[in-house]
Amino acid sequence: FKALSAASPLTLRIVAECPVTKARACDLILPHCAVSAPVFMPVGTQGTLKGITVDQLEALGCQICLGNTYHLGMRPGPDLIEKANGLHGFMNWKRNLLTDSGGFQMVSLVELSEVTEEGVKFKSPYDGKEILLSPEKSISIQNSLGSDIMMQLDDVVSSTVTGPRVEEAMHRSIRWLDRCIAANKNPDKQNLFAIIQGGLNAELRKACLDEMTQRDVPGFAIGGLSGGEEKNDFWRMVTLSTDHLPRQKPRYLMGVGYAVDLVVCVALGCDMFDCVFPTRTARFGSALVPWGSLQVKHKQYAKDFQPIDPDCQCPTCKRHSRAYLHALFKSDTAAMHHITIHNIAYQLTLMRSVRQSIVEGRFPEFIRTFMKRMFPSPDQYPSWAVDALASVNVTLE
Amino acid sequence: MKLELTRVVQGRSRLGVLKGLGRTGQHSLEVPGCLLHTHVGTVPHLTQETLHTLSNLTSVTQVTLSNIAEHQEVLEEFKDGFRKFAGLHDTVLYCSLHDPATPCPTGYTTNKTVSVWGSGGRIELTVAKFMALQKTVQPDWYQSMADGETWQNNTSRKRVRKSVDRTLAHLDECLLVHQKSQELEGVEMFGVVEGGDILEERVRSARETAKRPVAGFCLDGLQMGSMDRALRTQLITAVTKELPEDKPRLLQGVGQPDEVLACVEAGVDLFESFFPFQVTERGCALCFSFDISPDPELAGRAPHAVLGLDEERDTAGETQQNGDFNLEDQTQMTSFEINLKDKRYQDDFRPLVEGCGCYCCKNHQRAYLHHLLVTNELLAGVLLMIHNTAHYHAFFGALREALANDKLDLLKRRVLRESGRQT
């Protein structure tokens, strides 16, 4: 079912709300197709999901995936992509795309020259030239990419940083949000999401939430987390954020992708997630399963003739055994592709099951079953997860 | 297996069908044709899904002991054969000794053993171990153990003679074991013709091998080194003259289109398809034309599109000819392909080959492939492997059609014009 809202390129329909936790099941109507939430969005950094064709991605049921403004802005550049009919045309992906602003890469990847009110100045890794990524420039690139959801350029500070820099970054992110909104050439086709900052400081976060929710943006991301901070601080900032975000707009928790984190943060009220972990770990032979992960390259699987997960319906598990994949890793790159397919299937299936349980009013039960399967015994449940779930009325054993 | 020839052109080039393949005999393979090159049963870069975007896939999948030998213990525990282990589609399984795309170190062959190199290093094979492997792999057809280490420069006559003698001895031993094995009932074996670059040895090897009860013949030791092409063709012609007409001839290690044509004319029926893989690995796409259909628009002057392709060919050839254009160095770019990393493809929004029906050409453009290669993305290998395999298969289809319609010369001129070489 595809619908393009005449008024806005994003419509959120809340299909069900969990009466116990803060979880919701929604339909997110975007320009290219409807997206069932809660949703995990695989990351296709450079205009491709590593080793997977768009047909394979579509067949797995993916309705939205990510592209990376920083990488694509460098190579092949916005002008070429515009000539190719946007990123959709360039990679031939017919469903939805979300692009981040390039802000995170400024911090994580490149030699940071300077952050000023103007924007982020950095050195290009390809020719050493200095480049300024301003809110206007980031939006301009994203307009050329033509993504269905664009992210504002935020002043990104590592979650382990404390002190006045965090407050400065929070305020600047608000000002940059306004500049991004003003710079968006395609408000009727491309959605611009704000990104809530404030680090691990509740006051700063609250201040940011108060300000940003006054802007009429179609959705909000919770940023500045998932960067190595203590999990105890992490979940508290997530739940504080969802407490103060409007019900009728999607909540996108950036950089979250471990199964436990996904389930808990859905309970805390988040709708959308992205993370490189499932696809990256696949290339190292790590297959995600309901009871953790399986290192296919390890000797113990050389003669294991079961599929990765006997209950999994993905193409890899329907055809191949752990032993074959183990052998294949010694000979061909296709081994990585098989695990990538499996891991994406795992993530998407997990979210589908989460959504179904919310729709059917049994999400708390789902959470308990999920945790039991994932951890050998209750004393191994991560305490942050136990606390976070307790905060939304779900008690684990 | 049964070879049914429909035409023999000028007493040499054969057209037909190899029938009765596989355990139940329900598969067939058109000849001249190619096998499907794999690593441990997987076409490089491809999963079964991406593989099956290809229509008209050849019915025979090739696996090599150099990939498989190290997994012998695993296969023995699995018990149900390699096909099932790899989750293969319904295909005929052919097992060769070496991987044609990976030359292996020389100097390790003895009177009783040959060596293959797996991911963990060298594995030495006696006939006993070789046959034990065949019993666990359970192919539909395999080549007998052989000593083919004669492709280097200046291999001595003595060494060449040894390779022929050893290969015949291995063949006889393999046959003995084969005939006694229940596990290998219904499985076919090919004898291997050796002889280096020495005509008399080639003829001797062919005659002797032909006396044994084999289902067909592999022609080995002709793949690399500095062997003159004319000499190679001469040797193959002399060999096929000694071989029975009703049994297939598989040439190992030769895959470039112009060489395929020359070798078909010398009496070869089957080829390995490692060439599209090599092209893929250097980030290139096959695009040589094999279209000889009489199109009124094409008569007289070639249309712009065709000229355009030729221009690419010529300039590509030029950049190669700065140094040595070493014909035998199979890792070097040939004139049958375009190098998609080249800047000129950055904003080229055409498919790899106009009119190619493969998944890559139907869905993607040169500019996208260029981007994937420049950014070292894994998808480049997937898409190029699909296209190159499709193009190569289609070439063989065109070859068979040319043979059927007496148009082989026309095809040769078309293909060789692409390469800028004379016949």
Side-chain angles (χ1 to χ4, degrees), chain A residues 44-56 59-60 71-72 74-77 79-81 83-85 89-94 126 279 283 301-305 307 314-321 323-342, chain B residues 38-51 53 63-64 66-68 70-71 73-80 82 84-89 99 102 118-120 277 281 346-347 349 359-360 362-365 367-368 370-372 374-383 385-386:
Chain A
T45 306
Q46 303 200 92
T48 158
L49 236 99
K50 298 205 187 311
I52 306 302
T53 66
V54 291
D55 273 19
Q56 287 176 299
L60 287 170
H71 293 277
L72 294 168
M74 292 278 108
R75 303 184 297 187
D79 295 335
L80 186 86
I81 295 192
K83 263 198 239 172
N85 286 322
F90 189 57
M91 59 185 285
N92 200 17
W93 172 244
K94 299 186 170 64
Y126 305 112
T279 40
R283 298 194 291 281
Y301 297 110
K303 295 182 188 171
D304 189 335
F305 303 120
C314 85
T316 302
C317 289
K318 290 222 286 239
R319 193 181 270 276
H320 295 301
S321 65
Y324 181 66
L325 294 167
H326 177 91
L328 189 60
F329 260 103
K330 299 188 206 273
S331 293
D332 199 83
T333 62
M336 295 191 284
H337 307 332
H338 285 299
I339 312 289
T340 301
I341 295 250
H342 168 79
Chain B
T38 72
H39 293 150
V40 209
T42 285
V43 175
H45 304 292
L46 304 186
T47 65
Q48 285 280 325
E49 292 174 297
T50 42
L51 176 65
T53 58
V63 291
T64 66
S66 53
N67 282 163
I68 292 185
E70 67 195 90
H71 305 294
E73 224 183 274
V74 177
L75 286 169
E76 272 165 6
E77 192 160 320
F78 183 72
K79 292 193 184 71
D80 286 333
F82 183 81
K84 211 157 164 222
F85 176 67
L88 285 180
H89 56 291
D99 183 337
T102 317
S119 67
F277 167 61
E281 293 306 280
Q346 206 174 51
D347 53 359
F349 294 112
Y359 175 83
C360 179
K362 284 209 296 234
N363 288 284
H364 295 294
Q365 303 152 329
Y368 185 58
H370 173 84
H371 165 71
L372 293 177
V374 162
T375 53
N376 292 313
E377 280 290 340
L378 291 168
L379 187 60
V382 177
L383 295 177
M385 195 71 229
I386 291 175

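In the text below, chain A, chain B and the rest are named by the order of the sequence lines, each starting its count at 1. These figures come from a predicted structure and were not determined experimentally.
For CD of B:Glu76, the number of neighbouring non-hydrogen atoms (other residues, nucleotides, ligands) closer than 6.0 Å is greater than 12.
Ranking A:Arg319, A:Lys330, A:Lys50 against chain B, the residue ahead of the rest is A:Arg319, based on heavy-atom pairs under 4.5 Å. Here A:Asp55 is the residue among A:Leu328, A:Asp55, A:Ile52 with the most heavy-atom pairs under 4.5 Å with chain B.
Using a 4.5 Å cut-off between heavy atoms, A:Pro315 contacts chain B through its side chain alone, with no backbone atom that close. Of the two parts of B:Glu377, only the side chain, counted from C-beta on, holds a non-hydrogen atom closer than 4.5 Å to a non-hydrogen atom of chain A. Both the backbone and the side chain of B:Phe85 come within less than 4.5 Å of a heavy atom of chain A. Neither the backbone nor the side chain of A:Met74 comes within less than 4.5 Å of any heavy atom of chain B. Heavy atoms closer than 4.5 Å to chain A are found nowhere in B:Ile68, neither backbone nor side chain. B:Val382 touches chain A through its side chain: at least one heavy atom from C-beta onward sits under 4.5 Å away, while N, CA, C and O do not.
From A:His338, atom NE2 reaches atom CD of B:Glu49 across 9.0 Å, with rounding to the nearest 0.5 Å. Between the NE2 atom in A:His337 and the CG atom in B:Leu379 there is a gap of 8.0 Å [rounded to 0.5 Å].
B:Ala86 approaches A:His320 most closely through the heavy-atom pair O-CE1, 3.0 Å.
Donor-acceptor pairing under 3.5 Å is recorded for the side chains of A:Thr333 and B:His45.
Contact of the B:Val74 side chain with the A:Phe305 side chain is registered, since non-hydrogen atoms from C-beta on lie closer than 4.5 Å. Contact of the B:Thr375 side chain with the A:His71 side chain is not registered, since no non-hydrogen atoms from C-beta on lie closer than 4.5 Å. When side chains are defined from C-beta on, A:Thr53 counts as touching B:Thr50, because their heavy atoms get closer than 4.5 Å. Contact of the B:Thr42 side chain with the A:Tyr324 side chain is registered, since non-hydrogen atoms from C-beta on lie closer than 4.5 Å.
With hydrogens and angles disregarded, no donor-acceptor distance shorter than 3.5 Å links the side chain of A:Asp332 to the backbone of B:His39. Remark: side-chain polar atoms of B:Tyr368 are not paired, donor with acceptor, to backbone N or O of A:Ala84 under 3.5 angstrom. Between the side chain of B:His371 and the backbone N or O of A:Gln46, at least one donor-acceptor pair lies under 3.5 Å.
In this structure, B:Lys79 has no side chain to side chain contact (heavy atoms under 4.5 Å, CB included) partners at least two apart in sequence or on a different chain.
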